[in-house]
Trainee: 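I am attaching a structure below and will ask some questions about it afterwards.
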Amino acid sequence: MELEALSLGQYSFTQNAYSFGFAVMAAATLFFWLMKSEIAPAYRLAVTITGLVTAVAAYHYLQIMLSWSAAIDVTSGEVVATGKPFNQAYRYVDWLLTVPLLLIELILVMRLSKEETIRKSTMLGGAAALMIVLGYPGEVASSGGIRFVFWVLSMIPFVYIVYQLVVGLKASISAQPDNVKNLINMSVYLVIGSWLFYPIVYLFPLVGLTGGAAITAVEVGYTVADIVAKAVFGVFIFTIAMRKSQASESHDATHHETPSS
Ligand SMILES: *C/C=C(C)/C=C/C=C(C)/C=C/C1=C(C)CCCC1(C)C
């Protein structure tokens with residue numbers, strides 16, 4: 001990463017985005033965990049994991065922010081690289097942990113049968129982890145060709161996940177209670193919409209964005225996408241859990257929502 005290509009404004013803008021990311025993730029974690037007592041026991045695990053995802057992200061935003069300020073010295077009024085590398089692995093380690101968990105949140109809040117839950121969580125979680133692992137070598141490569149090759153490889157599990165969400169979950173979603181069906185559909189499209197952002201941001205350096213502008217666009221772009229994919233998505237999961245909890249007060253608490261076929 002050519003850190004000295006950054007202007008002072010780009011450096012601070014990126015630093016402020018990390019700081020905002022940390023604040024949102026930390027606040028979201030407190031909200032999900034403190035509000036968990038309002039949720040029926042059957043849906044608490046989904047909400048616990050929702051808060052775990054934002055907690056892991058808050059921790060990594062703090063680390064990213066510290067790494068960013070350690071890599072760059074601005075005391076002279078200009079951007080000077082200190083020689084300490086900016087650690088991009090924090091982002092990928094964060095994704096490796098949080099991306100499978102985000103899909104598991106969605107599966108858990110649907111409360112499918114035990115076998116379905118395990119099968120879908122394993123398939124989707126596994127594909128998500130593979131997608132992140134395949135993206136990393138391209139992210140840290142200095143050659144555009146290598147970046148593109150790993151983009152293509154990582155897109156394979158990405159497309160599989162989108163297919164599974166849209167087609168694979170269809171029957172299960174239509175078996176969901178009426179008061180949450182729409183919200184679950186919206187959550188699925190929120191996942192797809194916000195996740196699409198990442199492979200697009202990843203390509204910025206390959207489509208002519210260079211130097212400080214490219215670094216800033218990638219870093220701020222990922223941060224915005226993270227906030228939508230983790231905290232905003234989390235609010236959807238929380239709302240679904242809340243509505244189901246209210247509905248289940250008058251229903252059999254052990255009832256499973258499985259497709260009738
Ligand atoms: C909270 C973090 C989330 C939801 C991160 C999601 C990340 C992706 C969907 C990343 C996907 C990528 C590709 C599909 C190709 C290029 C490499 C990646 C890893 C950026």
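None of these values were measured; they are calculated from a predicted model. In listed order, ligands and their atoms are each counted from 1.
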Trainee: May I ask you to list the atoms of ligand 1 that are less than 4.0 angstrom from any heavy atom of W151?
Mentor: 15 (C), 16 (C)
Trainee: Quick check on contacts: which atoms of ligand 1 are under 4.0 angstrom from a heavy atom of K230?
Mentor: 1 (C), 2 (C), 3 (C)
Trainee: Which residue supplies the protein heavy atom nearest to atom 15 (C) of ligand 1, what is that atom called, and how far is it?
Mentor: S154 OG, 3.2 Å
Trainee: Quick test: of every protein heavy atom, which one is nearest to atom 20 (C) of ligand 1, and how far off is it to 0.1 Å?
Mentor: Y202 CD1, 3.6 Å
Trainee: Report the part of V53 in contact with ligand 1, treating N, CA, C, O as backbone and CB onward as side chain, heavy atoms under 4.0 Å; options are side chain, backbone, both, neither.
Mentor: neither
Trainee: If we check side-chain hydrogen bond (donor to acceptor under 3.5 Å, both in side chains) with Q176, which of these qualifies: R111, K181, K244?
Mentor: K244
Trainee: Looking only at protein heavy atoms, which one is nearest to atom 7 (C) of ligand 1, and how far off is it?
Mentor: Y198 CG, 3.4 Å
Trainee: Please give me the minimum heavy-atom distance between L190 and F236, naming the atom from each residue.
Mentor: CD2-CD1, 3.8 Å
Trainee: Using ring centroids (six-membered ring only for Trp), state whether W68 and Y18 fall under 6.0 Å.
Mentor: yes
Trainee: Would you mind checking if K84 and D73 are paired as a salt bridge, meaning a charged N to carboxylate O distance below 4.0 Å?
Mentor: no
Trainee: Suppose I only count heavy atoms of M155 and a 4.0 Å limit; which atoms of ligand 1 are within that range?
Mentor: 14 (C)
Trainee: Closer than 4.0 Å to some heavy atom of A229 - which atoms of ligand 1 meet that?
Mentor: 4 (C)
Trainee: Among protein heavy atoms, which sits nearest to atom 9 (C) of ligand 1, and what does the distance come to when rounded to 0.1 Å?
Mentor: M131 CE, 3.3 Å
Trainee: Between F233, Y43, F31, which is the residue that forms a ring-ring contact (aromatic ring centres under 6.0 Å, His included) with F238?
Mentor: F31
Trainee: Show which atoms of ligand 1 fall inside a sub-4.0 Å distance from at least one heavy-atom site of D226.
Mentor: 1 (C), 2 (C)
Trainee: Could you tell me the residue and atom name of the protein heavy atom closest to atom 4 (C) of ligand 1, and the distance to it rounded to 0.1 Å?
Mentor: W195 NE1, 3.4 Å
Trainee: Give a yes or no on whether a salt bridge exists between R91 and E139, defined as a side-chain N under 4.0 angstrom from a carboxylate O.
Mentor: no
Trainee: Can you find a side-chain donor-acceptor pair between Y136 and Q88 that sits under 3.5 Å?
Mentor: no
Trainee: Can you list the ligand 1 atoms lying under 4.0 Å from a non-hydrogen atom of V99?
Mentor: 2 (C), 3 (C), 4 (C), 5 (C), 6 (C)
Trainee: With a 4.5 Å cut-off on side-chain heavy-atom distances among I, L, V, M, F, W and Y, is there a chain of contacts connecting V93 to L102?
Mentor: no
